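These notes are about the structure you will find just below.
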Amino acid sequence: MSEKDFIPVSYITLKEKGVVGYSSPSNIALIKYWGKRENQIPANPSISFTLAACMTKTSVEYQKKAQKNDEFSFELFFEGEAKEEFKPKIKTFLKRIEVYLPFLKDYHLVIRTSNTFPHSSGIASSASGMSALALCFMEMERSFSAPITDEFFNRKVSFLARLGSGSACRSIEGPLVQWGETASVKGSSNLFGIKYPYKVHKVFNNFHDTILLVDKGEKQVSSTVGHELMHGHPFASQRFDQAHDHLEKLGLVLADGNLKDFISIVESEALTLHAMMMTSNPYFILMKPNTLSIINEIWKFREESKTHVCFTLDAGANVHVLYPENEKDIVFPFIKEKLISFCQNGQYICDRIGLGAKKL
Ligand code: DP6
């Protein structure tokens, strides 16, 4: 498929008014997206677990303007309060997607959004937030159009969400989503995420992700700037090759359930992501001392307990602690006893692998 396939040919009718709503989850990448080309095309393929508890709920109320004009007209409420400071990001998103949703300037939109996780938790809300909004807009388009398949709906939502934030394109479905073209995964694309199409071993059912909130402050360097710094990065091409290699190997692991290999791929990905930050120009560090303390405690406990607990990181100091369902009775007490003390105000979120967005 190409970009052109997402430009609608015609609508049957543009409704006078209506309301649509979706909840959409966050996701945690196992193979990381870090580096992109123009128009949000990833420099390497990535794959993520869709989460279940960390979600954004969004509704869009739409009312046809008396006269279509050349302006986007919208109000934005976050957790019940008008949020002027969030509007520029939404406006940029609307501009990027307008060619694919040409009805947007026909309407006045009232967007109401809230997260199930605290806004200042350091958990990126862009994946869940942008995907929830893309779902609402696509639901509007669906009601204006001749019938479309669920597959096309999901692809176009993912395509639109990607234009808001790359990782958002992996939040529509679950439990595993790949974004980025690879020869070994049929149907994979740089334009949208697809549900991982092969059988996944049962050890990954109900996999846990306990998110340790190490630092809830504003990040010194945003993901967008971080991606930018991969241009001209001395290790960029090796890193992109490594991501392809890791993805091939992860494919085998997902099929055979070898958790030892899973751990070595996932932890290497997390540390490589941060190594890229530490070796860019300018360089920066998003981990905090407590991030490293947690990693060391996990390694020590894993050795002693012979369990398969491991960690991954996103672009921040928080640690995602991953473990299988059948080890939760050993691992969770360890987390509570040894790791929570490294969290800011003792805060953490119990999440697990999820199945994707839901209509409200
Ligand atoms: C480290 O999707 O937040 O979480 O496309 O600029 O919005 P933009 O970036 P974003 O980057 C996420 C980076 C990551 C890795 C990942 O989720 O794959």
Side-chain angles (χ1 to χ4, degrees), residues 24-51 54 56 86 88-90 92-93 96-97 117 121-134 158-172 174 176-180 182 188 190-194 196 209 211 218-231 233 236 239-240 242-244 246-247 250 265-278 280 284-287 291 311-320 322 351:
S24 190
S26 186
N27 67 73
I28 181 69
L30 304 172
I31 306 292
K32 307 291 181 182
Y33 147 58
W34 198 244
K36 59 178 161 183
R37 306 202 298 268
E38 233 191 316
N39 298 326
Q40 298 281 99
I41 297 300
N44 64 261
S46 59
I47 189 164
S48 51
F49 276 156
T50 305
L51 296 180
C54 289
T56 298
F86 289 180
K89 207 170 173 193
I90 303 294
T92 305
F93 181 46
R96 281 192 197 163
I97 62 176
F117 48 91
S121 60
I123 297 201
S125 57
S126 64
S128 54
M130 288 298 176
S131 55
L133 195 53
S158 178
F159 172 86
L160 296 170
R162 187 195 97 240
L163 296 172
S165 176
S167 54
C169 82
R170 298 188 313 239
S171 276
I172 320 305
L176 274 154
V177 175
Q178 176 168 330
W179 167 39
T182 56
S188 57
N190 286 335
L191 298 179
F192 48 82
I194 58 161
Y196 185 71
D209 178 5
I211 308 166
E218 187 81 11
K219 285 190 278 189
Q220 305 119 291
V221 181
S222 71
S223 290
T224 305
V225 171
H227 287 292
E228 201 50 48
L229 293 174
M230 287 304 281
H231 291 289
H233 191 292
R239 158 60 196 152
F240 303 145
Q242 181 204 41
H244 279 271
H246 277 165
L247 202 86
L250 190 68
I265 297 166
V266 167
E267 291 189 345
S268 168
E269 276 291 313
L271 294 178
T272 302
L273 169 70
H274 285 258
M276 290 299 112
M277 300 173 191
M278 290 190 241
S280 62
F284 58 105
I285 301 181
L286 295 184
M287 290 189 283
T291 312
F311 71 87
T312 188
L313 307 167
D314 54 20
N318 296 335
V319 182
H320 290 248
L322 304 176
D351 213 330

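Values in this document were obtained by computation on a predicted structure and should not be read as measured data. Every number for a ligand or one of its atoms is a count from 1 in the order of the listing.
Cation-pi geometry between R96 and F93 is not satisfied (NZ or CZ under 6.0 Å from the ring centre, within 45° of the ring normal).
The A29 neighbourhood of ligand 1 comprises atoms 16 (C), 17 (O), 18 (O), with distances under 4.0 Å to a heavy atom of that residue. Ligand-side atoms of ligand 1 in range of G166: 2 (O), 5 (O), 7 (O), 8 (P), range being under 4.0 angstrom from any heavy atom. Distances below 4.0 Å separate heavy atoms of A315 from the following atoms of ligand 1: 1 (C).
Nearest protein neighbour of atom 17 (O) of ligand 1, counting heavy atoms only, is R170 NH2, 2.7 Å. Closest to atom 4 (O) of ligand 1, if we only count protein heavy atoms, is D314 CB, 4.0 Å. From the protein, the heavy atom lying nearest to atom 15 (C) of ligand 1 is Y33 O, 3.4 Å. Scanning all protein heavy atoms for the shortest distance to atom 6 (O) of ligand 1 gives K36 NZ, 2.7 Å. At the top of the distance list for atom 7 (O) of ligand 1, counting protein heavy atoms only, stands S165 OG, 2.7 Å.
At most 12 non-hydrogen atoms from other residues, nucleotides or ligands lie less than 6.0 angstrom from CD1 of I285.
For the side chain to side chain donor-acceptor pair (under 3.5 Å) test, residues two or more places apart in sequence or in another chain that qualify with S46 are R170.
The shortest side-chain heavy-atom distance between F49 and D209 does not fall under the 4.5 Å cut-off.
Considering M130, H227, E228 only, the shortest heavy-atom separation from atom 9 (O) of ligand 1 involves H227.
By the criterion of a heavy-atom distance under 4.0 Å, the side chain of L273, and not its backbone, is placed next to ligand 1.
Where the criterion is an N or O separation shorter than 3.5 Å, residue side chain and backbone included, Q40 meets it with respect to ligand 1. Some N or O of S167 is nearer than 3.5 Å to an N or O of ligand 1, by distance alone.
When all heavy atoms of T56 and A132 are compared, the closest pair comes out as O-CB, 4.0 Å. When all heavy atoms are compared, the tightest approach of H227 to G35 is ND1-N, 2.9 Å. Closest heavy-atom contact between P25 and S171: O-OG, 2.7 Å.
Only one option out of H320, E269, K32, E267 pairs with T312 in a side chain to side chain donor-acceptor pair (under 3.5 Å); it is K32.
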